[in-house]
Amino acid sequence: MQWVQDFVQAEPNFDRLSLHVSGKNPRARFLYERLSFHTHLQENSIFWHFLFNEKQWYYMVMKIIKT
């Protein structure tokens, strides 16, 4: 996680990290919240349901502050 934060910090065109977390994995959501991600969108997806057998997903975002 630190590597990707450093990478985004160094790239002038990037200002955030984002990821999807399964609704069946509240521990992962809690971990990402502790790492400064916040839930931007909660969605139900038939596509993701067919791929991963999970319909509910959280789209989480971390804003990167440039120094």
Side-chain angles (χ1 to χ4, degrees):
M1 185 61 70
Q2 187 61 52
W3 179 87
V4 76
Q5 285 178 295
D6 292 343
F7 178 81
V8 171
Q9 182 75 30
E11 291 294 322
N13 295 326
F14 297 158
D15 66 351
R16 69 193 68 188
L17 296 172
S18 64
L19 50 85
H20 283 87
V21 178
S22 165
K24 292 181 182 176
N25 197 346
R27 291 177 68 193
R29 245 180 66 224
F30 179 71
L31 170 67
Y32 289 122
E33 287 169 353
R34 289 184 60 205
L35 294 172
S36 299
F37 281 84
H38 69 275
T39 300
H40 183 73
L41 177 69
Q42 179 182 347
E43 59 189 346
N44 293 320
S45 169
I46 297 299
F47 177 74
W48 290 100
H49 177 69
F50 285 122
L51 283 179
F52 300 109
N53 196 28
E54 172 57 48
K55 191 174 181 181
Q56 183 180 32
W57 292 86
Y58 294 90
Y59 177 64
M60 301 186 78
V61 177
M62 175 199 287
K63 181 87 169 154
I64 301 295
I65 299 170
K66 303 287 184 164
T67 57

task = Give a yes or no on whether Leu19 and Trp57 share a hydrophobic cluster (residues Ile, Leu, Val, Met, Phe, Trp, Tyr; joining criterion: side-chain heavy atoms under 4.5 Å apart).
result = no
inquiry  = Let me confirm one number: the NZ-CD1 distance from Lys55 to Ile46, rounded to the nearest 0.5 Å.
reply    = 4.5 Å
inquiry  = Using every non-hydrogen atom in the two residues, find where Gly23 and Glu54 come nearest and quote the distance to one decimal.
reply    = N-OE2, 3.8 Å
message = Would Val61 and Leu17 count as a side-chain contact (heavy atoms from CB on, under 4.5 Å) here? Give the steps.
response = CA-CA 6 Å; Val61 177; Leu17 296 172; over 6 Å; no
Only distances under 3.5 Å count here; give the side-chain donor-acceptor pairs of residues 4-16 to other protein atoms, sequence neighbours excluded, each with its distance to 0.1 Å.
| residue | atom | partner | partner atom | Å |
| --- | --- | --- | --- | --- |
| Asp6 | OD1 | Gln2 | NE2 | 2.8 |
| Gln9 | NE2 | Ile65 | O | 3.3 |
| Gln9 | NE2 | Thr67 | OG1 | 3.3 |
| Asp15 | OD2 | Lys63 | NZ | 3.1 |

ask   = Hey, does Gln56 have a side-chain heavy atom less than 4.5 Å from the side chain of Tyr58?
value = yes
request  = For residues Tyr32 and Val21, report the shortest heavy-atom separation together with the two atoms involved.
outcome  = CD1-CG2, 3.7 Å
request  = Compare all side-chain heavy atoms of Tyr59 with those of Ser18 and state whether any distance is below 4.5 angstrom.
outcome  = yes
task = Check for a donor-acceptor pair, side chain of His20 on one end and backbone N or O of Met60 on the other, with a separation under 3.5 Å.
result = no
Enclosure of His40 NE2 (heavy-atom neighbours >12, cutoff 6.0 Å) = no
message = Hydrophobic cluster membership, with links at side-chain heavy-atom distances under 4.5 Å among I/L/V/M/F/W/Y: are Phe52 and Phe50 in one?
response = no
key: Test item: Thr39 side-chain N/O and Leu41 main-chain N/O as donor-acceptor pair under 3.5 Å   = no
